[in-house]
Amino acid sequence: RDGKFLESLPEQQGAEWLAQRLEETFTEFDGRASRGDISSDFLSQYYSTLKASAATLSKDAARKELQEIIDKVAAGFGFGG
């Protein structure tokens, strides 16, 4: 279900909108991890969860677009690429 929800976001809001929201999320939780408010591996787990959700999509084009958005944002935080 998570993958289907993520799939709908670029369709409804646009790829740029989704990238901006993901970047905001990564930034927020990177700060929290740096302060010790959450586990230091939270971002890597979050990234893994996003990738796993995207991988469940059956539509190749949607899966590829979502994976590219996730990887682009995550690369700025040292993940993916």
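For the numbers below, each heavy atom of this structure counts, side chains included, while hydrogens, waters and symmetry mates do not. Start at 1 with the first residue, then count along the sequence. Quick caveat, the model's predicted, so the values are computed rather than measured.
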Under the side chain to side chain contact (heavy atoms under 4.5 Å, CB included) test against L50, which residue among I69, I70, T25 passes? I70
L18 vs L66, side-chain contact (heavy atoms from CB on, under 4.5 Å): CA-CA, chis, key distance, verdict: CA-CA 9 Å; L18 178 56; L66 193 52; 3.5 Å; yes
For the atom pair CD (E65) and NZ (K59), what is the distance rounded to the nearest 0.5 Å? 11.0 Å
Please step through side-chain contact (heavy atoms from CB on, under 4.5 Å) for the pair F42 and D30, ending with a clear verdict. CA-CA 8 Å; F42 180 86; D30 186 45; over 6 Å; no
Sequence neighbours excluded, the answer for salt bridge (Lys or Arg N to Asp or Glu O under 4.0 Å) partners of E23 is none
Just verifying a value: how many Å separate L22 CG and K72 NZ, rounded to the nearest 0.5 Å? 12.0 Å
Closest approach of A62 to E7 (non-hydrogen atoms, all atoms of both residues): CB-OE2, 3.4 Å
Could you walk me through whether K64 and E68 satisfy the side-chain contact (heavy atoms from CB on, under 4.5 Å) test, starting with their C-alpha distance in whole Å, then the side-chain angles of each, then the deciding distance to 0.1 Å, before giving a yes or no? CA-CA 6 Å; K64 183 178 179 192; E68 287 174 357; 3.0 Å; yes
Residues forming a ring pair (Phe, Tyr, Trp, His ring centres under 6.0 Å) with F26, sequence neighbours excluded: Y46, F77
Could you list the residues that satisfy side-chain hydrogen bond (donor to acceptor under 3.5 Å, both in side chains) with E24, not counting sequence neighbours? R21
Which atoms form the tightest heavy-atom contact between S39 and A33, and what is the distance? O-CB, 3.8 Å
Once you round to the nearest 0.5 Å, how far does OG of S53 lie from CZ of R63? 13.5 Å
How many angstroms lie between atom CD of E28 and atom CG of L43, to the nearest 0.5 angstrom? 10.5 Å
